[in-house]
Enquirer: 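Sharing a structure here in structure tokens format.
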Amino acid sequence: KPFKVKTSLEEFIAECIIIASGASARKLGLPNEDEYIGRGLHTCATCDGAFYRGKNVAIVGGGDAAMEEAMFLTKFAEKVQIIHRKDILAASIPMQERVKNNPKIEFIWNTEVVELVGENRKLDHIKIKNVVSQEVSGLKIDGLFLAIGHIPNTKAFKDQLELDQKDYIKVSDFTKSSVEGVFVAGDVWDWRYRQAITASGLGCMAALDAEKYLSSTFLEAKK
């Protein structure tokens, strides 16, 4: 210490740091994917599901998170189609049963999205491919949601902080990282909730812990 934080423009010196770099939703890797984000393509059902009241939507994924998002979407959408590249789900059995018993939900098995199609940067339909037969077909939907996981934005900290097996920052005592004076808040370690309100709460907690740390450090320096 003091810590040095280097950006593309300048360098900052700090006695204490709060890391809140978040996590990025995994995408499909299609060429024009970014063009449709927020324009028919979404990565958060709880954030954007209400825009699709009475509409037909699809969701990509097969885990618990995808099933939870699909269930949430049924509160608004007329029909929810789950696109999964396998013929079995990775979700827990109780979650699978809930989804399969919901009359608004349909499954499209052994299938992956291969193309996003639209006009004026607004998604109109998608092209899907059956991974068994290799047949490509079109699917008309109003919105597509991705629920295939998140990638924590921790690449810059890999050699400096202790991370877990999924590369999220490990914390102790609520907001403390493995390095004294470095605190953590939000999705960069919260892999479970990933909501703005919880991230804000964790930000407040990290700020209070950082203030307490700086105060104690200042008092120690005066002795």
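Remember, it's a predicted structure, so these values are computed and weren't measured experimentally.
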Enquirer: Which atom pair, heavy atoms only, marks the closest approach of Ile59 to Leu144?
Expert: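 Shortest heavy-atom separation between Ile59 and Leu144 comes out as N-CD1, 4.4 Å.
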
Enquirer: Of all the heavy-atom pairs spanning Asp187 and Ala199, show the shortest one and how long it is.
Expert: OD1-CB, 4.4 Å

Enquirer: Apply the test side-chain contact (heavy atoms from CB on, under 4.5 Å) to residues Phe76 and Phe51: give CA-CA distance (whole Å), side-chain angles for both, the deciding distance (0.1 Å), then the verdict.
Expert: CA-CA 8 Å; Phe76 307 100; Phe51 294 117; over 6 Å; no

Enquirer: Give me the atom names and distance for the closest heavy-atom approach of Gln160 to Val179.
Expert: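 Distance-wise, the nearest heavy atoms are O-CG2, 3.4 Å.
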
Enquirer: Could you tell me whether Lys129 and Glu112 have a side-chain N and a carboxylate O separated by less than 4.0 Å?
Expert: yes

Enquirer: Provide the closest heavy-atom pair for Cys16 versus Phe3 in the form atom of the first, atom of the second, distance.
Expert: N-CD1, 4.1 Å

Enquirer: Pick from Glu68, Glu69, Lys75: which one makes a side chain to side chain contact (heavy atoms under 4.5 Å, CB included) with Phe72?
Expert: Lys75

Enquirer: Indicate whether the side chain of Glu211 and that of Ser215 have a donor and an acceptor atom separated by less than 3.5 Å.
Expert: yes

Enquirer: With a distance cut-off below 6.0 Å to the six-membered ring centre and an angular limit of 45° from the axis, does Lys86 pair with Trp109 as a cation-pi contact?
Expert: no

Enquirer: I need the minimum non-hydrogen distance between Asn153 and Ala23, along with the two atoms involved.
Expert: ND2-N, 3.6 Å

Enquirer: Consider only side-chain N and O atoms of Tyr36 and His42, and report whether a donor and an acceptor are under 3.5 Å apart.
Expert: no

Enquirer: Is the CD1 atom of Ile13 crowded by more than 12 outside heavy atoms at less than 6.0 Å?
Expert: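 Enclosed.
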
Enquirer: Using distance alone, with no hydrogens and no angle criterion, decide if Asp167 and Thr154 have a side-chain donor and acceptor under 3.5 Å apart.
Expert: no

Enquirer: Distance check, rounded to the nearest 0.5 Å: Phe12 atom CZ versus Thr7 atom OG1?
Expert: 5.0 Å

Enquirer: Of all the heavy-atom pairs spanning Asn32 and Leu116, show the shortest one and how long it is.
Expert: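 What the structure gives for the nearest pair is ND2-O, 3.0 Å.
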
Enquirer: Determine, for Glu162 against Lys170, whether the closest basic-nitrogen to carboxylate-oxygen distance falls under 4.0 angstrom.
Expert: yes

Enquirer: Quick one: CG on Asn56 to CG on Leu139, what's the gap to the nearest 0.5 Å?
Expert: 9.0 Å

Enquirer: Under a 4.0 Å threshold between the charged nitrogen and the carboxylate oxygen, would Asp173 count as salt-bridged to Lys176?
Expert: yes

Enquirer: So do Ile105 and Lys100 actually touch side chain to side chain, heavy atoms under 4.5 Å?
Expert: no

Enquirer: Return yes when atom CD of Glu11 has more than 12 non-hydrogen atoms of other residues, nucleotides or ligands closer than 6.0 Å, and no otherwise.
Expert: yes

